[in-house]
Chemist: 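After the structure tokens below, expect a handful of questions from me.
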Amino acid sequence: MRKFHIVEGFEGKAKLPVRATEGSAGYDICVINDTPKTIRPGETYKFHTGIAVEMEKDELFIINIRSSVGINRNLVLANTQAYIDSDFYPNEIILALTNIGQVSRIVESNERVAQGIFIKYLTLETEEKSKKKRKGGIGSTNEPKENEEGIAA
């Protein structure tokens, strides 16, 4: 099953991703912030989305910055492209935006800043399966560490 979910605690704040048009491949992803957030040149800010994505075991959700945000405003994803694995569910998707421009940029509440696309992938039949289980959010296939915002990094 392929489905978006609003993470507990974000009801009434988060917006489920949608495709803007019938021909759109990507699902627009909005950020959550109580007030507009200014990102200064060289600064990175982590935004909550309040969403989690559920998908089949052979699928991946790839997130990129929306072209208008990257081209017109010089905001990029800090990790350039985000890969959300099927076993990341039910963790919240966090988007870290970096301002690579020369002027400060404002990100509005519930602004559409990124797009995600579902992709099917192949694996090797002879591959030895890992016994490792995901223990949390970002970086959780390693020892999870919390940063100053309390977000696993």
Side-chain angles (χ1 to χ4, degrees), residues 1-20 24-57 59-121 130 132-153:
M1 174 188 298
R2 196 175 299 121
K3 187 175 180 182
F4 294 106
H5 299 271
I6 293 180
V7 175
E8 186 177 330
F10 290 99
E11 301 88 351
K13 289 184 177 182
K15 291 185 177 182
L16 292 176
V18 295
R19 294 183 309 137
S24 296
Y27 288 81
D28 289 341
I29 301 171
C30 297
V31 295
I32 298 173
N33 42 318
D34 295 328
T35 60
K37 171 64 181 163
T38 300
I39 305 176
R40 295 185 299 273
E43 182 179 51
T44 298
Y45 186 82
K46 292 178 185 161
F47 290 92
H48 287 277
T49 65
I51 62 163
V53 62
E54 183 177 4
M55 65 193 110
E56 300 295 325
K57 289 184 182 194
E59 292 180 337
L60 177 67
F61 190 60
I62 298 176
I63 302 173
N64 289 291
I65 200 76
R66 291 183 73 229
S67 56
S68 61
V69 174
I71 293 168
N72 298 335
R73 296 168 58 200
N74 292 312
L75 296 175
V76 298
L77 290 176
N79 54 340
T80 66
Q81 190 173 56
Y83 296 93
I84 309 300
D85 296 311
S86 61
D87 64 350
F88 190 70
Y89 178 77
N91 295 294
E92 179 194 13
I93 295 171
I94 304 288
L95 298 179
L97 300 183
T98 300
N99 182 346
I100 61 170
Q102 302 300 311
V103 297
S104 294
R105 297 296 183 182
I106 296 172
V107 177
E108 299 291 337
S109 299
N110 289 311
E111 183 175 341
R112 298 176 301 146
V113 298
Q115 290 183 328
I117 298 174
F118 290 97
I119 303 287
K120 285 248 185 222
Y121 62 87
S130 172
K132 210 179 236 189
K133 295 285 185 190
R134 189 174 297 276
K135 297 175 187 167
I138 298 167
S140 63
T141 53
N142 297 319
E143 293 285 325
K145 299 171 190 80
E146 288 193 357
N147 62 21
E148 59 276 3
E149 287 91 22
I151 298 170

Chemist: Partners of Y45 by side chain to side chain contact (heavy atoms under 4.5 Å, CB included), sequence neighbours excluded?
Modeler: K37, I39, F47
Chemist: State, yes or no, whether a side-chain contact exists between I94 and H48 at a heavy-atom distance under 4.5 Å.
Modeler: yes
Chemist: If you look at every heavy atom in F88 and N91, which pair is closest and at what distance?
Modeler: O-ND2, 2.7 Å
Chemist: Throw together a table of side-chain donor-acceptor distances under 3.5 angstrom for residues 72-79, partners on residues two or more places apart or in other chains.
Modeler:
residue	atom	partner	partner atom	Å
R73	NH1	E111	OE2	2.2
R73	NH2	I106	O	2.4
R73	NH2	E111	OE2	3.3

Chemist: Using atom types as modelled and distance alone, determine if a side-chain donor or acceptor of E92 lies under 3.5 Å from a backbone N or O of G50.
Modeler: yes
Chemist: Holding to side-chain hydrogen bond (donor to acceptor under 3.5 Å, both in side chains), I want the full list of residues that pass it with R105, two or more places apart in sequence or in another chain.
Modeler: none
Chemist: If only side-chain N and O atoms count, and only distance matters, is there a donor-acceptor pair under 3.5 Å linking Q81 with N64?
Modeler: yes
Chemist: Please give me the minimum heavy-atom distance between P90 and A52, naming the atom from each residue.
Modeler: O-CB, 3.6 Å
Chemist: Could you tell me the separation between the CD1 atom of I6 and the NZ atom of K15, rounded to the nearest 0.5 Å?
Modeler: 11.0 Å
Chemist: Search all heavy atoms of R112 against all heavy atoms of A20 and return the closest pair with its distance.
Modeler: NH1-CB, 4.2 Å
Chemist: V69 and V107: side-chain contact (heavy atoms from CB on, under 4.5 Å), yes or no, with the steps?
Modeler: CA-CA 10 Å; V69 174; V107 177; over 6 Å; no
Chemist: side-chain contact (heavy atoms from CB on, under 4.5 Å) for D34 and K13? Distances and angles first, verdict last.
Modeler: CA-CA 9 Å; D34 295 328; K13 289 184 177 182; 3.8 Å; yes
Chemist: Please find the pair of heavy atoms, one from T38 and one from S104, that lie closest to each other, and give the distance.
Modeler: CG2-CB, 3.7 Å
Chemist: Rounded to the nearest 0.5 Å, what separates atom CD1 in I32 from atom CG in N110?
Modeler: 6.5 Å
Chemist: Working to the nearest 0.5 Å, report the span between CG of D85 and CZ of F61.
Modeler: 12.5 Å
Chemist: Tell me whether Q102 at atom CD has more than 12 heavy atoms from other residues, nucleotides or ligands lying less than 6.0 Å away.
Modeler: no
Chemist: If I take atom OG from residue S68 and atom CD from residue Q115, how far apart are they, to the nearest 0.5 angstrom?
Modeler: 8.0 Å
Chemist: What do you reckon, is NZ of K57 surrounded by more than 12 foreign heavy atoms closer than 6.0 Å?
Modeler: no
Chemist: Exactly one of I29, V18, V53 should register a side-chain contact (heavy atoms from CB on, under 4.5 Å) with F4. Which one does?
Modeler: V53
Chemist: Return the minimal non-hydrogen interatomic distance between L60 and Y83, and the atom names on each side.
Modeler: CD2-CD2, 3.6 Å
Chemist: Going by the angle between their ring planes, with limits at 30° and 60°, are Y27 and F118 parallel, tilted or perpendicular?
Modeler: perpendicular
Chemist: For the residue pair S86 and M55, establish whether any side-chain heavy-atom pair is separated by less than 4.5 Å.
Modeler: yes
Chemist: Mind checking the CD-CD1 spacing from E43 to I100? Nearest 0.5 Å is all I need.
Modeler: 14.5 Å
Chemist: Verify, without hydrogens or angle tests, whether T49 (side chain) and I93 (backbone) share a donor-acceptor contact under 3.5 angstrom.
Modeler: yes
Chemist: Would you say CZ of R19 has more than 12 non-hydrogen atoms from neighbouring residues, nucleotides or ligands within 6.0 angstrom?
Modeler: yes
Chemist: Using a 4.5 Å cut-off on heavy atoms from C-beta on, say whether the side chain of P17 contacts that of D28.
Modeler: no
Chemist: Using every non-hydrogen atom in the two residues, find where N99 and P41 come nearest and quote the distance to one decimal.
Modeler: ND2-N, 3.6 Å
Chemist: To the closest 0.5 Å, what do you measure between CD (E54) and CE (M1)?
Modeler: 6.0 Å
